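Just so you know, these numbers come straight off a predicted model, no measurement behind them.
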Amino acid sequence: MSRNFRNELQRAKLIAEVGLEEARRIAPTDPPFEYDIPDGVDFSSIDPQAILAAFEQATGPLPFSPDDGSNNWVVNGEASASGKPLLASDPHRPITMPSLRYMVHLNAPGWNVIGSGEPALPGVAIGHNDRIAWGFTIICTDQADFFIEETHPDVPTRYRVGEAWESMTVVTEQVAVAGQAEPVETELRFTRHGPVIHQDEETHQAFALKWVGCEPGTAAYLPSLAIGRANNWDEFHDAVARWKLPSENMLYADVDGHVGWVAAALTPVRENHVGLLPVNGADGEHEWQRFLSVDELPQLFDPPDHIVTANHNILPAGYEQTIAYEWAPTYRNDRIRERLAEQTQFDLADFASMHHDSTSIPGRKMAELTDGISFDDDAELESIRVRFADWDGHLSRESHCGPIYGYWLDELLTGCFEQHVSADLLPFVAGQPAIPVMLAALEAPDERWFGPNPAAARDELLRRAFTSAVAKVKTALGDDPDSWRWDRLHTVSFVHPLSGMGSEIAEMFDRGPIGQAGDGLCPNATRYEEDFVQVSGASYRQLFDLDDWDQGLATSAPGQSGQPGSPHYDDLLPLWQNDEYFPLVFSREAVEREAKHRLWLKPGG
C-alpha cells in the first residue's frame, strides 16, 4: 500500500520526454516544489512498464491503486447532540468477493474490542474498545524509493558502491508450477538498497527498491493489537509509535471527551532528494538518514473544532519535515468540511448522511464552465448544456447529469493533456490527481496550456469534449436525456476469483451488478476505472457515539461468510446497497439480546 515508487519512474519518463520545467508544470507537486534531477542519473531510456512488469504481475491479484482512498472525521462533545465525541471512518479498498473485511468482537481476559479486521490479520484493525475508538485513512507518506545501481559489464551480479564493486546477494528459489514435473528455478537479487525489481544487462542498470517494509517490526496492521488495549490518549500515542505500515491517519476519540489524530508511519528522512525521482545508488549521497519519531509526526490533540482526513495534504501550517509531495485531490475533504460547517451539532444520522454524500465538487466546477459556452446551431445540445449548467453536482443514482459528467470529465482530461505528452504518459499525468490541475487551467486559460489564443482554444475544447460526451451517453443509454441515470452507467459487481471457471460458477458465486451513486471524488467514494464499473470504495463503514457504544453502526459487504450457500454469504449486501447500517452492539446485555446463532468450540477429551 506504499504508493509513489511507481510515480518516480513515470515522473522520470515525463522529464525525459518534455524537460524538467514542463514536467513540473504538467505534474505539479503538493505543496508546490521545484524539484531537480538527482545527480548521477540518466532518464533518457527509462521504461516504467518494463521496470515494473514483474512487480505488477506478482501483485496483480489484489492490486492497491494510488487512487484508492478513505475518509474519517471526528467532532468533540461540543458539536455532538449527546455531549460526547462522534467518530466516523470508512476505509476504501478493492471491492471483492468474499469481503476483504471481517467483523469481529474479541472478548477475552484483557480484551474487549469490536470492529473490522481482515481474515489474515490478528485482532481488530479498526473499531473501538470500552474506552477509545479509532479509525484510519491512508496518509500517502513516501515510504519507498528506486535506486538505480550501476552493474558490472562483465559480472551482472556485481554493482558499484563508490569506487568499488560489491556482489549482490543472490537467492535461488524453487517454484512449483502446475502441470510441470520439475520446479522452475528462479534467481532473486538484492543490493544494499533492497530487492532488484528489474535489471537491464545491456545498459548495465539494476533498479533496486528501498522500502520501509524491509525494516524490522513493519508487519502491517499488527500494532492494532496494542491500540485495541489502549485506555487513553497517552496509551494510544505509545501504541501508534509502533505503527509502521501502511501509513495511516489514525483518528482517535475517548469516553472522557478527548479527540486526536496522528499521521502514523515509518517515515524516512532523506539526504539530497525528496523521493520524487529515482536516485543514483552508487554515490552514497541519497541514503535514508533515519526515521521520524512519533513526536515528530503531524498530529493534533483536542483541537477546538473537528478533525478530517481524506488522503489529502494533511501537513499542518509551518510543519518542517518532509512527508510526501503526492496526495489525493482535496475534494472529499472539502465536501466533508462543507457539511460540518452547515450545523453546530450532529448525531449519528447526520454522520451517516455524510458517509453517503455524493456531491462532486469537480462536477459543480464543470457545471460552471458550461456557462461560458453555447451551441447556438444545435438546439438539442444547447438544451442539454443548459440542464448541465443548472446541475448542483449531486451524483445521485437518479442523476440525469451524472452520465454527462462522467464522459465529459474523461474527454476533458484527455483533451487537456494529450497535446502535451505522449499516449504512454497519459495515464500518469491525466489521472485523479490531475483533475485540479486541469480545472485550474480551464478556469484561467493561458498560452502554456492552450496556445496563442488560450480563451478561444479552451472554449473549443469544452465544446468539442461536451459534444463527444453527449454522443457517448446516447450510445450507452439511448437518445432521451430524461431516461439517463447515473446508476444505469455506474455499477458495482462483487466478482469471485473462481467465477472465471464458467457461467454457472459465476452465477452461483458473483453478486451484482448494482447501480451506484458517487464516484472517487465524493465522500461516498465509489471509484471506477473502465466502463464506469466501481473497483474500490467503502465496503466497511463505522459510526460511533462515545456516549453509548450500543448505538454504534456499521456496514460491511457482501457478508461475513465466504461460503456460497451460507445465509451470511451476502445477507449484508441489501443494507449496503441501500445506504443502510446494521447495529454494532457492544455490551454483554445487548449482544445476548441480538444474538441469532452461537458456535461453541470445545476441546476434545
Side-chain angles (χ1 to χ4, degrees), residues 356-419 423 426 430 432 435 438-439 442 456-493 495 510-522 524-535 537 577-579:
H356 295 95
D357 188 296
S358 296
T359 298
S360 166
I361 290 179
R364 294 195 312 213
K365 292 178 178 289
M366 290 166 61
E368 293 171 2
L369 285 169
T370 60
D371 284 334
I373 61 173
S374 62
F375 297 94
D376 296 334
D377 57 345
D378 191 321
E380 183 187 31
L381 264 180
E382 178 63 11
S383 173
I384 295 171
R385 182 202 68 81
V386 170
R387 171 181 278 191
F388 192 86
D390 291 336
W391 185 45
D392 61 2
H394 185 206
L395 274 172
S396 65
R397 292 177 175 87
E398 302 81 11
S399 173
H400 297 307
C401 291
I404 306 171
Y405 158 81
Y407 278 116
W408 196 29
L409 180 61
D410 286 348
E411 292 287 321
L412 286 174
L413 282 167
T414 300
C416 200
F417 287 97
E418 67 181 355
Q419 55 193 318
L426 266 180
Q432 273 196 8
I435 293 172
M438 176 197 73
L439 289 174
L442 292 172
R458 183 273 314 271
D459 291 348
E460 174 57 27
L461 171 61
L462 292 174
R463 282 191 291 266
R464 183 175 68 251
F466 192 88
T467 301
S468 178
V470 170
K472 289 183 175 182
V473 177
K474 287 183 175 182
T475 299
L477 302 179
D479 291 339
D480 181 8
D482 289 334
S483 72
W484 298 348
R485 288 172 54 111
W486 182 230
D487 65 357
R488 290 181 59 201
L489 194 66
H490 180 39
T491 64
V492 61
S493 293
V495 179
D510 295 351
R511 297 295 182 269
I514 299 164
Q516 279 289 62
D519 70 351
L521 304 170
C522 305
N524 181 23
T526 57
R527 188 179 69 83
Y528 56 81
E529 291 180 350
E530 297 179 1
D531 300 323
F532 300 98
V533 174
Q534 182 182 350
V535 294
Q577 72 183 73
N578 291 319
D579 303 342

Item to complete: List the steps, then state whether side-chain contact (heavy atoms from CB on, under 4.5 Å) holds for I384 with W484.
Response: CA-CA 11 Å; I384 295 171; W484 298 348; 3.9 Å; yes
So which heavy atom on [X] is nearest to which on [Y], and how close?
X: C522; Y: G518; result: SG-CA, 4.1 Å
X: D482; Y: H400; result: O-CE1, 2.9 Å
X: G372; Y: D459; result: O-OD2, 4.2 Å
X: P513; Y: S493; result: CA-OG, 3.3 Å

Counting only N and O atoms by type, is there a donor-acceptor contact under 3.5 Å from the side chain of [X] to the main-chain atoms of [Y]?
X: H356; Y: N524; result: no
X: W486; Y: G515; result: no
X: H490; Y: T526; result: yes
X: D519; Y: L521; result: yes
X: R488; Y: P403; result: no

Just to verify, what does [X] make a side-chain hydrogen bond (donor to acceptor under 3.5 Å, both in side chains) with, not counting sequence neighbours?
X: R385; answer: E382
X: E418; answer: none
X: D378; answer: none
X: D487; answer: R485

Taking the side chain as C-beta and beyond, is there a heavy-atom pair between [X] and [Y] under 4.5 Å?
X: T359; Y: R364; value: yes
X: I435; Y: K365; value: no
X: L439; Y: P362; value: yes
X: C401; Y: R387; value: yes
X: M366; Y: I404; value: no

How many angstroms lie between [atom1] in [X] and [atom2] in [Y], if you round to the nearest 0.5 Å?
X: L369; Y: W408; atom1: CG; atom2: CH2; value: 5.5 Å
X: Q516; Y: R397; atom1: CD; atom2: CZ; value: 5.5 Å
X: D410; Y: E530; atom1: CG; atom2: CD; value: 10.5 Å

Item to complete: Going by the side-chain contact (heavy atoms from CB on, under 4.5 Å) test, name the single residue among Q577, Q534, R511 that passes it with V492.
Response: Q534
Worksheet entry | Ring geometry between Y405 and W391 (parallel below 30°, tilted from 30 to 60°, perpendicular above 60°) |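 Plane angle between 30° and 60°, so tilted.
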N/O donor-acceptor pairs under 3.5 Å from side chains in residues 460-470, not counting sequence neighbours:
| residue | atom | partner | partner atom | Å |
| --- | --- | --- | --- | --- |
| T467 | OG1 | R463 | O | 2.8 |
| S468 | OG | E411 | OE1 | 3.2 |
| S468 | OG | E411 | OE2 | 3.4 |

Worksheet, complete the sentence: Sequence neighbours excluded, the answer for ring pair (Phe, Tyr, Trp, His ring centres under 6.0 Å) partners of Y407 is F532
